[in-house]
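Remarks on the structure that follows.
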Amino acid sequence: MTTPPAAKTATRSSSWRFSRWVHLVYLLIPLFQPVFDPSAGAADWVIAGIIMAGGGALTVIGGLRPEIARWGSWVPLAVFMVCTVWLNSGASVLIVYAAVIAARTESRRVAFRLFVAFTLLLFVTIPVMPVEWPWRLWSVLPSLLFTWVIGLAAVEEAERERTATELRLRNARIEHLATVTERERIARDLHDLLGHSLTAVVMRAQLIAADPARAVEEAGEIEKTARDALAEVRTALTGWRQASLDRELESAKAALDSLGVELVVRRDPGLVLVGSTEHELALALREAVTNVVRHAKARTCHIGIHREHGEVRLVIADDGVGGKFREGTGLTGMRERVTALGGRIERMTAAGTTVTIAVPLEVAM
């Protein structure tokens with residue numbers, strides 16, 4: 001589906017944040033050799049460009065596709081470094097990127113073993129580097145140092161991310177079990193409640209049949225019993241009924257149509273969410289649409305529900321007045337519910353208002 005223009009910045013994946021990719025600047029190191037070598041020719045510049053482009057492409061692939069990072073990134077990076085370091089000593093920097101990708105995709109023990117292998121690999125390449133002593137030592141020492149320093153930092157970061165993911169999954173399972181338990185309890189309560197009330201109604205109806213003179217009195221009691229049972233059933237169902245995205249989209253269309261606001265909905269086909277996640281997203285959608293109805297003065301509202309970069313995203317964008325407003329109880333409650341799922345909410349008010357609710361895919365489906 002197509003994301004509304006106002007939502008593109010808000011829905012950008014954290015995979016493309018500047019702070020995560022700024023380290024690619026170190027791929028400029030292969031340029032040092034042709035820059036500082038007076039005898040460098042056009043071939044040296046071409047080789048430096050190939051090393052930068054190839055190393056950058058493999059590193060980006062490893063960052064965006066961790067499931068293929070081993071054979072798609074760090075192994076080719078290591079091989080690429082071995083094949084090019086004899087042409088340009090700056091290629092040794094590629095082994096640092098290989099170490100980082102390996103740290104993010106392998107277990108701690110395997111990552112440590114790979115760091116040792118990378119260290120030995122760097123030492124093996126020293127004799128074939130195209131610079132004189134002692135400069136070739138300075139070509140390999142920074143890579144040797146940062147393979148361990150940055151590699152170990154990446155190992156710790158990967159461990160924290162894995163722990164956080166496991167915690168979110170565990171919380172989702174606990175929430176699901178709690179929901180199932182609560183539904184079973186309510187089902188038992190409804191059975192007991194309706195069994196008692198309907199039994200009372202049947203008995204009073206039998207009394208009327210046996211003694212017609214008591215019809216008026218018993219009819220009043222039957223009505224009272226039925227009203228009480230209905231009130232109790234409604235109270236029980238208030239905490240039991242599951243909110244649905246389909247129902248909320250229908251309600252949103254009805255509410256916006258009454259104000260003359262055009263609603264455009266785009267939803268990934270075949271996107272099926274677990275009940276607890278759909279419930280929270282449906283409540284968030286209800287609150288966001290209510291804010292559009294109350295405050296936006298919009299002509300068009302776009303609602304998108306789709307998968308993107310490992311997340312399920314619900315985007316509500318209007319072309320109304322925008323502006324900065326203090327978060328009310330509704331938006332605060334929405335943020336708390338979504339955060340409990342391990343998700344996040346982003347709100348932009350530059351051109352109209354765009355609210356993006358993102359939930360990790362492993363929790364949502």
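It should be emphasised that the depicted structure is a prediction, and the values quoted were computed from it without experimental measurement.
Between Thr277 and Val312 the shortest side-chain heavy-atom distance does not fall below 4.5 Å. By the 4.5 Å heavy-atom criterion applied to side chains, Asp318 and Arg299 are not counted as neighbours. Looking at His302 and Val315, their side chains never come closer than 4.5 Å, going by heavy atoms from C-beta outward. Side-chain contact between Phe32 and Asn88 is absent, with no heavy atoms from C-beta onward closer than 4.5 Å. You'll find the side chain of Thr84 stays beyond 4.5 Å of the side chain of Ile47, heavy atoms only. Residues Leu271 and Arg307 are in side-chain contact: their nearest non-hydrogen atoms beyond the backbone lie under 4.5 Å apart. Counting heavy atoms from C-beta on, the side chains of Arg266 and Ile303 never come closer than 4.5 Å. Side chains of Trp74 and Phe118 form a contact here, defined as non-hydrogen atoms less than 4.5 Å apart.
Under 4.0 Å is where a charged nitrogen must lie from a carboxylate oxygen, and between Lys253 and Glu248 no such pair does. The existence of a salt bridge linking Glu157 and Arg160 is excluded, since no basic side-chain nitrogen approaches an acidic carboxylate oxygen closer than 4.0 Å. Contact check on Asp319 versus Lys297 returns no salt bridge, with no Lys/Arg side-chain nitrogen under 4.0 Å from an Asp/Glu carboxylate oxygen.
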Do Ile357 and Ile316 pass the side chain to side chain contact (heavy atoms under 4.5 Å, CB included) test, and can you show the C-alpha distance, the side-chain angles, and the key distance before you say yes or no?
-> CA-CA 9 Å; Ile357 300 103; Ile316 304 96; 3.8 Å; yes

Passes side chain to side chain contact (heavy atoms under 4.5 Å, CB included), Leu273 versus Leu245? Steps please.
-> CA-CA 10 Å; Leu273 306 177; Leu245 282 171; 3.8 Å; yes

Please walk me through it: do Arg104 and Glu159 pass salt bridge (charged side-chain N to carboxylate O under 4.0 Å, His left out)?
-> CA-CA 8 Å; Arg104 290 175 176 169; Glu159 288 291 329; over 6 Å; no

Are Leu314 and Leu285 close enough, and set up right, to give a side chain to side chain contact (heavy atoms under 4.5 Å, CB included), and what steps lead you there?
-> CA-CA 8 Å; Leu314 170 63; Leu285 174 60; 3.9 Å; yes

Would you check, one step at a time, whether the test side chain to side chain contact (heavy atoms under 4.5 Å, CB included) holds for Met348 with Thr353?
-> CA-CA 6 Å; Met348 295 180 59; Thr353 299; over 6 Å; no

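Considering every non-hydrogen atom in both Gly151 and Ala103, the closest pair reads O-CB, 3.7 Å. When all heavy atoms of Tyr97 and His23 are compared, the closest pair comes out as OH-O, 2.7 Å. A pairwise comparison of heavy atoms in Leu263 and Ala252 identifies CD2-C, 4.3 Å as the closest pair. Counting all heavy atoms, side chain and backbone alike, Ile345 lies closest to Arg335 at O-NH1, 3.1 Å. The minimum heavy-atom distance between Pro360 and Arg168, with the atom names listed, is CG-NE, 3.8 Å. Summarising the geometry of Ala358 relative to Glu311, their closest heavy-atom pair is CB-OE1, 3.6 Å, with the distance given to 0.1 Å.
The number of heavy atoms from other shown groups lying within 6.0 Å of OH (Tyr26) does not exceed 12.
At a threshold of 4.5 Å between side-chain heavy atoms, the hydrophobic network of Ile, Leu, Val, Met, Phe, Trp and Tyr places Leu169 and Val338 in two separate groups. Following chains of ILVMFWY side-chain contacts shorter than 4.5 Å, one can reach Leu141 starting from Val128, so the two form part of one hydrophobic cluster. Transitive grouping of hydrophobic side chains (ILVMFWY, heavy atoms separated by less than 4.5 Å) brings Met81 and Val46 into a common cluster. A chain of hydrophobic side-chain contacts below 4.5 Å, direct or via other Ile, Leu, Val, Met, Phe, Trp or Tyr residues, connects Val25 to Leu27. Under a hydrophobic-cluster definition in which Ile, Leu, Val, Met, Phe, Trp and Tyr are linked whenever side-chain heavy atoms come within less than 4.5 Å, directly or via other members, Val264 and Ile305 are assigned to different clusters.
The ring-ring contact (aromatic ring centres under 6.0 Å, His included) check on Trp148 picks up Phe115, with sequence neighbours excluded.
Interatomic distance, CE of Met129 versus OG of Ser92, reported as 4.5 Å (0.5 Å rounding). Rounded to the nearest 0.5 Å, atoms CG (Asn171) and CD (Glu166) are 12.0 Å apart. One finds the CZ atom of Arg267 at 6.5 Å from the CG atom of Leu249 (value rounded to the nearest 0.5 Å). Note that CG of Leu144 is 11.5 Å distant from CG of Leu121, once rounded to the nearest 0.5 Å. The line from CZ of Arg247 to CZ of Arg286 is 9.0 Å long, rounded to the nearest 0.5 Å. Summarising the geometry, atom CD1 belonging to Ile95 is positioned 8.5 Å from atom OG belonging to Ser143; distances are rounded to the nearest 0.5 Å.
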Table please: side-chain donor-acceptor pairs of residues 51-62 below 3.5 Å, with sequence neighbours left out.
from  : atom 1 : to    : atom 2 : distance (Å)
Thr59 : OG1    : Gly55 : O      : 2.7

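Pairs engaging residues 343-365 under the ring-ring contact (aromatic ring centres under 6.0 Å, His included) rule: none recorded [sequence neighbours left out].
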